[in-house]
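Here the structure comes first, spelled out in structure tokens, and everything after it is commentary.
Worth knowing before you read on, the calculation uses all heavy atoms, side chains too, and leaves out hydrogens, waters and symmetry mates. Every chain is numbered from 1, with letters handed out A, B, ... down the list of sequences.
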Amino acid sequence: MKNTLESLLAQALERLRSDGLVPAGAVRQVRLTHTRDKSHGDYATNVALALAKAAGMPPRELAERIVAALPAHPAVRRVEVAGPGFINFFLTEGAHHAVIRQVLEAGARYGRSDRGAGRPVQVEFVSANPTGPLHVGHGRGAAYGATVANLLEAVGYRVHREYYVNDAGRQMDILATSVWLRYLELTGQDLAFPSNGYQGDYVWDIAATLHREHGEDYAAPVEQVYEGVPPDAPAGDREAHIDALIGRAKALLGDIRYRYVFDLALATILDDIRDDLEKFGVVYDQWYSERSLVERGLVMQAVERLRKAGHIYEKNGALWFRSSEFGDEKDRVVVRDNGQFTYFASDIAYHMDKIERGYDRLVDVWGADHHGYVPRVKAALAALGDDPARLDILLVQFAVLWRGGQKVQMSTRSGEFVTLRQLRKEVGRDAARFFYVMRKAEQHLDFDLDLAKSRSADNPVYYIQYAHARVASVLRQLAERGWRFEPQAAELARLTDTREEDLAAALARYPEIVEHAALGHEPHMLAHYLRELAHAFHTYYNAVPFLVEDSALRNARLSLVLAVQQVIRNGLELLGVSAPERM
RNA sequence: GCGCCCGUAGCUCAGCUGGAUAGAGCGUUGGCCUCCGGAGCCAAAGGUCAGAGGUUCGAAUCCUCUCGGGCGCGCCA
């Protein structure tokens, strides 16, 4: 409907343009919105206000001219100029009700569009280091990224979901060494575990696997391991300490055995993360290995490309990328004085590769604490000759958990509630997925665990799901009374109650909500919409009986209610939340 | 110090990219089932949109400054 009206307006403006009244390009100014107040009709536009100056006439007068030039349309009952120069559209009753049949006919497809025209988009999200289980902080990135991906798909993009696996850095060496040290402890030796090592129980678990499957094959005397290693903090430097231990692990194990421990740790943790996300309803098309970037020489190629383009220089024995010429606040090292690539160098290569894989748009979902990193990645794309505007970096603020009116401490040490797995176990997948995307991404999120678990109206997830289940229940009642839903028998024109009109209007808005949420990367809009729709439904349910003797009216009301159910189901599907038939 | 995000009802937040009288939920107060699921509904009270300037027909929304909160500023990943 909205599109129809927009095209009518475009035609009107085109006529006025050929009369020389409005400038070329005016059509792009067309912006149609739903009215908040019913006395302003169903849709309104402010084009006349926006174009008044360029047209050189008062807004109201221009509005009148536009209305006069507007082609007639059967769904439009009346068009009027109001206020300072708004043009308000009033639709016919039939137009209001038409959406009900549209929803029922389109079913699961209702709300989807081909706006993206199948263009390929890559969405990269979570990408947490595989050095431990997913933290509750990663959960928001997971829920948000997955929902943004779903939304983009719904509006017609071809979406590729990707997880970038940082399997090549120093953190992974620390993990492998931590596992090996725990393994040495399992062989019965005592040692002082490094303060900088990974302390979690999962490290013990991996070490136990190694011990169970390979006995003492990976053992070495602790005295040899620690011989000549500089002291740990607080007496010494913890970084130097752990680096020396990594070196010792590599030396004593040799390349092959070290790599085995490393890969065992990586595979175990990655399996855990994959499983965790799958149970959270988050599935990837690809897990992209940083190590593969290095091994294929892509990192070297990326640096070489920058060098050839004249954006690399040497200083203090290191290679620097002149990112400050592309909007970054300072230049950045890509190759350290010890010859190793920095993490940033891999990231340049990774984004170069993304572009080369032919995506139209790139979406990165990052934790907001990485925001300082945005300019340098964009700078790299620009320096490589690509358009940085093709990359959208979406920053997600942290979530703070609350229980019993208190902030939940989330330190690894306290052993309190830290993993996504635990969160899922406590509040369930549906509540977790919904709560994570309830707020816009750049807003800090207060995640109320008690509320997420409560089964009441206070809890928006249950409130929405309950509306869906209630419709299912109505259908069960229908069958018990020996009736069936007969859509052909429905006389939609009988739906004249204001609550029925409100519901139909809400249904008509759904495709626009999806499009808006998708293009703006704002899943919270869909979450809010569904709550409003559920509210309109509950109000209707309480006020009007559906299962009445009058077949034409009964089937009309059932049509409306089933359409509501369909839209709730479609919306929840995009959010990754289930739509139960009974609760 | 510099940069990014945020500041809207007692609390948690929306506000459709500058529109018409700023909206929800919770909480508070008062109501509603012999009827399709009370995990529900209705109503009332509650606002200097942090503050001050500016831009214009029109600002919670855009610009500048001030105040307050969060985060970030490595040859770490």
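Residues passing the side chain to side chain contact (heavy atoms under 4.5 Å, CB included) test with A508(A), sequence neighbours excluded: V99(A). Under the side-chain hydrogen bond (donor to acceptor under 3.5 Å, both in side chains) criterion, H516(A) pairs with no residue at all, not counting sequence neighbours. Partners of D446(A) under the side chain to side chain contact (heavy atoms under 4.5 Å, CB included) rule, at least two apart in sequence or in another chain, are V400(A), W402(A). Partners of Y373(A) according to the ring-ring contact (aromatic ring centres under 6.0 Å, His included) rule, which considers only residues two or more places apart in sequence or in another chain, are F344(A), W366(A). By the side chain to side chain contact (heavy atoms under 4.5 Å, CB included) test, A489(A) is found to be paired with E486(A), S551(A), N555(A), residues two or more places apart in sequence or in another chain being considered. Judged as a side chain to side chain contact (heavy atoms under 4.5 Å, CB included), and not counting sequence neighbours, the contacts of A536(A) are L503(A). Here F262(A) pairs with nothing under the ring-ring contact (aromatic ring centres under 6.0 Å, His included) rule; sequence neighbours left out.
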| field | Sequence-aligned protein contact record of nucleotides 72-77 of chain B, with B where the base is within under 4.0 Å of a protein heavy atom and S where only the sugar-phosphate is | value | SSSBSB
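Listed in residue order, the members of residues 536-548 of chain A having a heavy atom less than 4.0 Å from RNA chain B are H538(A), T539(A), Y541(A), N542(A), V544(A), P545(A), F546(A), L547(A).
Pairs of residues two or more places apart, or lying in two chains, that qualify as side-chain hydrogen bond (donor to acceptor under 3.5 Å, both in side chains) and include a residue from residues 429-438 of chain A are D430(A)-Q465(A), D430(A)-S578(A).
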Using the 3.5 Å cut-off, write out each protein N or O paired with an N or O of nucleotides 17-19 of chain B and the distance between them.
residue : atom : partner : partner atom : Å
G19(B)  : N7   : N46(A)  : ND2          : 2.7

| Bracket notation of RNA chain B in which parentheses pair within the strand, [ ] cross earlier pairs, and | pairs with another strand (Watson-Crick or G-U, under 3.5 Å) | (((((((..((((.....[...)))).(((((.......))))).....(((((..]....))))))))))))....
